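Report on the following structure.
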Amino acid sequence: MIFLDAAATTPVRREVLEAMWPLLSGDFGNPSSHHSLGEAAAAALAGARTATAKAMGCRAGEIIFTSGGTEADNLAVKGIALARRAADPRLDRVVISAVEHPAVEDSARYLARIHGFVVDVVPVDAFGQVTVEALAAVLRPETALVSIMFANNEVGTVQPIARLAGLCRAQGIPFHTDAVQAAGWLPLEAAALGVDALSISGHKLGAPKGNGALFVRGRTRLEPLIHGGGQERGRRSGTENVAGAVALSTALTLAGASGRQPAAAIAALRDTFIAAVLAGVPGGILTGHPTERLPSVASFCFPGTSGESVLLELERRGVICSSGSACAAGSDAPSPVLLALGISPEVAQTAVRFSFDAAITAAELREAAEAVRAAVGSVRSLAQRE
Ligand code: PLP
């Protein structure tokens, strides 16, 4: 079987599991406990925080461990917007892009529904990118926060984050980016990017599901969402998931380490795969940006099919992929991301996403491209007979 759905999730890496085990067995203490077991857990947590901060180019105190990317996004969007409006009631607008993950989009919608914020949605171009001009057009003196993802989970388009963040910085508006898909592929240095908040998730990187982190720059005001014992410097209460934090930091460190195929090599494999699919499937359309895309994502529409049927045909041929994001899977509605790129609902229903991890080989992708050609051909000929 060829697994081409790494943007949905990845298996846990052996090194990650080995790093976690001591914290789940011998050193199982609560990091808040004042005895040796607690101190060992606290030291492991501190080490994980330092390693995570190193990978994200920030200070350890700027990292908040969370239960995953969704919580990190919720905390950034709600936490920063609510804290800023509490300090200045005029700040009642948030800006998001038209292609955000539901973790960001629904957080913004919640702010509108329950807290009376106005949500300004900045459009994307046909490749899925937000331009500096488009963002400038929606910024207002009342904008409390801008949240624009680093790389899109459905089409892989990478945003010009440093430029977008720079524009907001010049106007004193905090900028959050959802880097869940970018982590492991693109440099996350928060200072170089100029962002005020950045979310990541462990399970996209070889750590288990249910752990993530949010970087929040130094003095940025943040209203906590989870109240209790005051862990994570009062910004996220609850006994810390020490093994999860160690898993995340280990996975992040490994992703940046040598010995792994570099992103440029994976991007070259991706481009060969894209060319083979487009050559094999007449009328196939690459979605997203031709060059500014994650090395690990190739996404297409295959007019004359349905994405779900192609998916099933591919699985029969030993290739696992997705008809969009894992969150949209199982839903019949066309992807809002593809609609935002100007793709028609009929064509959007034919979307298929292939996403791979750093272990992918040229031979696997050659085999997968051949399977795509055969699967699309078989779905199309069935459709014609109906
Ligand atoms: N943001 C993006 C861009 C994602 O792709 C995902 C997961 O698919 C998330 C957020 C949510 O992360 P998690 O699954 O850790 O909650």
Side-chain angles (χ1 to χ4, degrees), residues 3-12 16 52 56 63-79 96-110 124 128-130 147-159 161 176-186 188 195 197-215 225-226 236 241 244-245 247-249 251-252 255 287-289 293-297 299 320-331 335-338 340-341 351 353-357:
F3 180 68
L4 299 183
D5 199 16
T9 198
T10 56
V12 176
V16 169
T52 303
M56 289 168 67
I63 296 291
I64 304 169
F65 287 118
T66 67
S67 66
T70 298
E71 188 192 326
D73 284 344
N74 272 257
L75 179 54
V77 174
K78 299 177 192 170
I96 60 171
S97 84
V99 294
E100 293 304 312
H101 187 274
V104 165
E105 199 203 335
D106 287 356
S107 294
R109 300 279 169 221
Y110 160 85
V124 293
Q129 271 194 327
V130 175
S147 179
I148 297 177
M149 70 198 323
F150 201 159
N152 183 262
N153 46 304
E154 289 184 46
V155 294
T157 297
V158 175
Q159 302 293 347
I161 288 299
H176 163 250
T177 191
D178 171 343
V180 166
Q181 292 292 341
W185 295 109
L186 305 174
L188 292 184
V195 301
L198 181 147
S199 317
I200 59 168
S201 169
H203 74 103
K204 312 286 184 183
L205 284 168
K209 295 158 191 64
N211 64 78
L214 178 66
F215 152 78
L225 304 184
I226 302 180
R236 200 271 184 188
N241 177 0
L248 177 68
S249 66
L252 261 181
T287 55
H289 201 285
R293 61 188 303 134
L294 285 173
S296 51
V297 174
S299 52
I320 300 275
C321 59
S322 146
S323 62
S325 74
C327 311
S331 133
S335 146
V337 168
L338 296 179
L341 269 62
R353 176 190 71 184
F354 303 91
S355 52
F356 22 93
D357 69 16

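Here the structure is a predicted model, which means the values were calculated and not measured. Order of appearance sets the numbers: ligands from 1, and atoms from 1 within every ligand. All heavy atoms count here, side chains included; hydrogens, waters and symmetry mates do not. All residue numbers in this chain count up from 1 along the given sequence.
The shortest separation from a heavy atom of E71 to ligand 1 is not under 4.0 Å, leaving the residue out of contact.
No donor-acceptor distance shorter than 3.5 angstrom exists from the side chain of T9 to the backbone of K204, with no hydrogens or angles considered. Counting only distance, with no hydrogens or angles, the side chain of Q159 and the backbone of V130 share a donor-acceptor pair below 3.5 Å. Of the possible donor and acceptor atoms, none in the side chain of N211 sits under 3.5 Å from a partner among the backbone N and O of A247. A donor-acceptor pair under 3.5 Å is formed between the side chain of S335 and the backbone N or O of L338. No side-chain donor-acceptor contact under 3.5 Å links T287 to the backbone of V155.
Atom numbering of ligand 1 starts at 1 in the shown order; those under 4.0 Å from a heavy atom of D73 are 1 (N), 10 (C). Of all atoms in ligand 1, listed by their number and element, those nearer than 4.0 Å to a heavy atom of T70 are 11 (C), 12 (O), 13 (P), 16 (O). Ligand 1 places these atoms under 4.0 Å from at least one heavy atom of G68: 15 (O). Applying the 4.0 Å criterion to heavy atoms of H203 picks out, from ligand 1, the atoms 13 (P), 14 (O), 15 (O).
Checking N74 against S107 by side-chain atom types alone, a donor-acceptor pair falls below 3.5 Å.
At a 4.0 Å heavy-atom cut-off, ligand 1 touches M149 through the side chain alone.
Here's the thing with G69: one of its N/O atoms is less than 3.5 angstrom from an N/O atom of ligand 1.
Between I200, V99, D178, N152, it is D178 that holds the heavy atom closest to atom 10 (C) of ligand 1.
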